[in-house]
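Right, one structure below, let's go through it.
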Amino acid sequence: MATTPCSTDLSRESSCRDGAAASHLKLISLFVIFITSAIGMSAPVLLARIFRGKPLYDRALVLIKCFAAGVILSTSLVHVLPDAYAALADCHVASRHPWKDFPFSGLVTLIGAILALFVDLVASSHVGHAEYAPIGAGEKELGRVELGVGGEDGESERGEELVRLKQRLVSQVLEIGIIFHSVIIGVTMGMSQNVCTIRPLVAALAFHQIFEGMGLGGCVAQAGFSYGTVAYMCFMFSVTTPLGIILGMVLFSLTGYDDSNPNALIMEGLLGSISSGILIYMALVDLIAADFFHNKLMNSDPRLKKASFVALTMGSASMSILALWA
């Protein structure tokens, strides 16, 4: 079967390609994206620390985490996975072997999810001292202790520590998945010379980073990291996309590759797919399932469970709407 050549609107492409204007927009985006990323991630963490110990603190933290779970799930399914599929389905890639013979975006997404499960299992076994602790097990154990079914203070403290360690693990693996995604966004934007694409993307990415930062910050807020660790994680999230933009600009200057080059598209598709698999697993298993099925506070309060579902839906909807622009 003969392959049809890639068709492009050459007149529009030539009018939109302006290296100097594109570089100017990218330099502006470095500062805009860094600031909005820092605001997005630090806001939930600061609010959690300000209201700690207040009567509604625990319920507010659950709602923030559910909103964050919706943002992360939408990021993986509405932003990352479609972009990865589109990169590998581009005619410059899909017309070549082996990319036209197999749905690699789905396969690599599957590998990412299995990899996240493997990390979860290994880390949980170490947390439980060679005894696998299922998701939410610490919370259930803690619930039994509080109801008098368990036993002693030592058991309660161990349950709390297991839950806290689990939350820290989730936050760290989530950041790894999001960093993959952020690097891809930055490199793609840095390599592009199309001002018609970059101009609306700067504003859209600013909001994108705010909501994605809120998603990660909501998880970090519950994990109870030290101030230094929180500051480090916030800095890494904030700086990753700007560094990706700089890397993309350097790659373009050294190789002449832009964001439509087949090799760049293949790398974007593969990294995006593995990032999507990690985020899908973490959102569904470690965030949504853990809270809605194993969170003692939520299960004891039907109104909180309904409010949490609304927060989850709002988080998903907010991030999904941004797919219209970024």
Side-chain angles (χ1 to χ4, degrees), residues 35-76 120 123 127 135-136 138-139 142 159-179 181-182 207-240 278-279 282-292 294-298 301 304-305 307-316 318-319:
I35 292 170
T36 53
S37 299
I39 291 172
M41 183 169 175
S42 60
V45 177
L46 291 175
L47 287 173
R49 292 189 182 276
I50 290 171
F51 291 102
R52 178 167 292 168
K54 303 292 173 61
L56 296 178
Y57 170 76
D58 291 335
R59 286 172 170 77
L61 206 56
V62 169
L63 293 175
I64 290 173
K65 190 179 177 186
C66 288
F67 181 88
V71 169
I72 299 299
L73 184 61
S74 177
T75 297
S76 60
D120 213 355
V127 166
I135 295 169
E139 291 170 339
L142 180 58
E160 288 179 347
E161 185 60 25
L162 284 174
V163 174
R164 185 61 55 84
L165 289 172
K166 178 67 179 181
Q167 290 166 347
R168 291 177 180 176
L169 169 68
V170 169
S171 300
Q172 290 165 339
V173 177
L174 266 178
E175 180 153 40
I176 292 171
I178 289 174
I179 281 176
H181 173 47
S182 298
F207 287 101
H208 177 279
Q209 292 300 102
I210 286 176
F211 282 110
E212 199 168 75
M214 289 174 65
L216 181 59
C219 300
V220 171
Q222 197 175 31
F225 288 108
S226 65
Y227 285 102
T229 303
V230 171
Y232 173 75
M233 294 180 75
C234 182
F235 175 77
M236 286 301 296
F237 171 73
S238 303
V239 81
T240 303
I278 292 171
L279 293 178
M282 300 304 292
L284 289 175
V285 177
D286 282 337
L287 298 179
I288 296 173
D291 275 340
F292 280 90
H294 301 300
N295 187 294
K296 178 177 175 288
L297 178 61
M298 188 186 294
D301 188 344
L304 178 60
K305 178 169 280 192
S308 298
F309 185 82
V310 171
L312 174 69
T313 305
M314 288 177 62
S316 300
S318 301
M319 200 65 180

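Keep in mind that the numbers below use all heavy atoms, side chains included, and drop hydrogens, waters and symmetry copies.
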Could you walk me through whether Ser318 and Phe67 pass side chain to side chain contact (heavy atoms under 4.5 Å, CB included), step by step?
-> CA-CA 10 Å; Ser318 301; Phe67 181 88; 4.2 Å; yes
Side-chain (Ser42) to main-chain (Ala38) donor-acceptor, under 3.5 angstrom = yes
State the CD1-CE distance between Ile288 and Met282, to the nearest 0.5 angstrom.
-> 12.0 Å
Is Asp301 close to Arg59 at the side-chain level, that is, under 4.5 Å between some pair of heavy atoms?
-> yes
Flag, side chain of Ser316 to backbone of Ser74, donor-acceptor distance under 3.5 Å = no
Where does the angle between the aromatic ring planes of Phe292 and Phe309 fall among parallel (under 30°), tilted (30 to 60°) and perpendicular (over 60°)?
-> perpendicular
Do Ile39 and Gln209 come close enough that some side-chain heavy atom pair is under 4.5 Å?
-> no
Which atom of Met298 lies closest to which atom of Asp291, heavy atoms considered = SD-O, 3.5 Å
Minimum heavy-atom distance between Pro44 and Ile64, given as atom pair plus value | CB-CG2, 4.2 Å
Can you tell me how far OG of Ser171 sits from CG of Leu216, rounded to the nearest 0.5 angstrom?
-> 7.0 Å
OG on Ser37 to CE on Met236, rounded to 0.5 Å = 12.5 Å
Side-chain touch Leu174/Leu287, heavy atoms, less than 4.5 angstrom = yes
For Val71 and Met214, run side chain to side chain contact (heavy atoms under 4.5 Å, CB included): C-alpha distance rounded to whole Å, both residues' side-chain angles, the deciding distance at 0.1 Å, then the answer.
-> CA-CA 8 Å; Val71 169; Met214 289 174 65; 5.7 Å; no
Using the side chain to side chain contact (heavy atoms under 4.5 Å, CB included) rule, take Leu312 and Leu73 through it: C-alpha gap first, then chi angles, then the decisive distance, then the call.
-> CA-CA 9 Å; Leu312 174 69; Leu73 184 61; 5.5 Å; no
Leu284 CG to Ile72 CD1 distance, which is reported to the nearest 0.5 Å | 11.5 Å
Tell me yes or no: between the side chains of Thr229 and Ser226, is some donor less than 3.5 Å from an acceptor?
-> yes
Does some side-chain heavy atom of Met233 sit less than 4.5 Å from a side-chain heavy atom of Met41?
-> yes
Quick one: CZ on Phe225 to CD on Gln172, what's the gap to the nearest 0.5 Å?
-> 4.5 Å
Could you go through the side chain to side chain contact (heavy atoms under 4.5 Å, CB included) check for Phe237 and Ile179 one step at a time?
-> CA-CA 7 Å; Phe237 171 73; Ile179 281 176; 5.7 Å; no
With a 4.5 Å limit on heavy-atom distance, are the side chains of Leu304 and Leu63 in contact?
-> yes
So how far is it from Cys66 SG to Asn295 CG, rounded to the nearest 0.5 Å?
-> 8.0 Å
